[in-house]
Amino acid sequence: MAVERTLSIIKPDATRRNLTGKINARFEDGGLRIVAQKRIRLSREQAERFYAVHAERAFFKDLVEFMISGPVVVQVLEGENAIARNREIMGATNPANAAAGTIRKDFAESIEANSVHGSDAPETAAEEIRFFFSGLELVG
Ligand code: RTP
Ligand code: MG
């Protein structure tokens, strides 16, 4: 197994409910290390660019509105198989389908307001990390 990095976002529904610490504990208890982290507000342009892959989907407009509705915490998680591991810790996109003990099962409000984002593959992880963090912000 390889040590990987993945991009995580704690979404506005979770920052609004003051869940950053509880969610970070799930990552750390699950074997991931938070190697970079910042709390920001996405502009509409940034949210549209970040989710450009979903631009043709019916939920795109709502998703962008949601992602700019409050602050988010963007972070880089590191660990063995971090991309897949993080997706396990998050649970399924729709909290109704998420396994017991996952972040989305325990905290998500809906399929849209589902508390966290995680990269889905090595290429997207690298691209998403670069989107939010400069090399100077990424320490080992
Ligand atoms: P994410 O990218 O946020 O980690 O989540 P994901 O891979 O599990 O889900 P994805 O299919 O990439 O969708 C991105 C985000 O769009 C919102 N969504 N809304 N209303 C809907 O049917 C719907 N479907 C997806 C969610 O916030 C999802 O995480
Ligand atoms: Mg996705």
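Basis for what follows: all heavy atoms, side chains included, without hydrogens, waters or symmetry-related copies. Indexing begins at 1, ligand by ligand and atom by atom, following the structure's order. These figures come from a predicted structure and were not determined experimentally.
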Closest non-hydrogen protein atom to atom 10 (P) of ligand 1, residue and atom name please, with distance?
-> His54 NE2, 3.7 Å
What residue pairs, at least two apart or across chains, pass salt bridge (Lys or Arg N to Asp or Glu O under 4.0 Å) with a residue in residues 127-140?
-> Lys38-Glu137
NZ/NE/NH1/NH2 to OD/OE distance under 4.0 Å, Lys22 and Asp106 | no
Do other residues, nucleotides or ligands put more than 12 heavy atoms under 6.0 Å from Arg17 CZ?
-> yes
Here the atoms of ligand 1 under 4.0 Å from any heavy atom belonging to Arg104 are 1 (P), 3 (O), 4 (O), 5 (O), 8 (O), 29 (O)
Is any NZ, NE, NH1 or NH2 atom of the basic residue among Lys11 and Glu112 found under 4.0 Å from an Asp or Glu carboxylate oxygen of the other?
-> no
Check whether any side-chain heavy atom of Ile89 lies under 4.5 Å from a side-chain heavy atom of Leu32, and answer yes or no.
-> yes
Between Arg87 and ligand 1, find which residue part has any heavy-atom pair under 4.0 Å and reply side chain, backbone, both or neither.
-> side chain
Give the single entry among Ile111, Thr6, Leu63, Asp62 that approaches atom 16 (O) of ligand 1 most closely by any heavy atom.
-> Leu63
Can you find a non-hydrogen atom of Arg57 under 4.0 Å from ligand 1?
-> no
Using a strict 4.0 Å cut-off to heavy atoms of Tyr51, name the atoms of ligand 1 that fall inside it.
-> 3 (O)
Under 4.0 Å from one or more heavy atoms of Asn114, ligand 1 contributes atoms 26 (C), 27 (O), 28 (C), 29 (O)
Please tell me if the side chains of Phe131 and Val74 come closer than 4.5 Å, counting only heavy atoms from C-beta onward.
-> no
Which residue holds the protein heavy atom closest to atom 4 (O) of ligand 1, what is that atom called, and what is the gap in Å?
-> Gly118 N, 2.9 Å
What protein heavy atom is closest to atom 1 (P) of ligand 1, reported as residue, atom name and distance in Å?
-> His117 ND1, 3.1 Å
May I ask you to decide if the ring planes of Phe132 and Phe50 are parallel, tilted or perpendicular, using 30° and 60° as cut-offs?
-> tilted
Taking only heavy atoms of Thr93, which atoms of ligand 1 are found under 4.0 Å from at least one of them?
-> 6 (P), 8 (O), 9 (O), 28 (C), 29 (O)
Contacting atoms of ligand 1, where contact means under 4.0 angstrom from a heavy atom of Glu112 | 26 (C), 27 (O)
Before giving the answer on salt bridge (Lys or Arg N to Asp or Glu O under 4.0 Å), spell out for Arg49 and Glu45 the whole-Å C-alpha distance, their side-chain angles and the decisive distance to 0.1 Å.
-> CA-CA 6 Å; Arg49 206 146 43 88; Glu45 188 272 337; 2.8 Å; yes
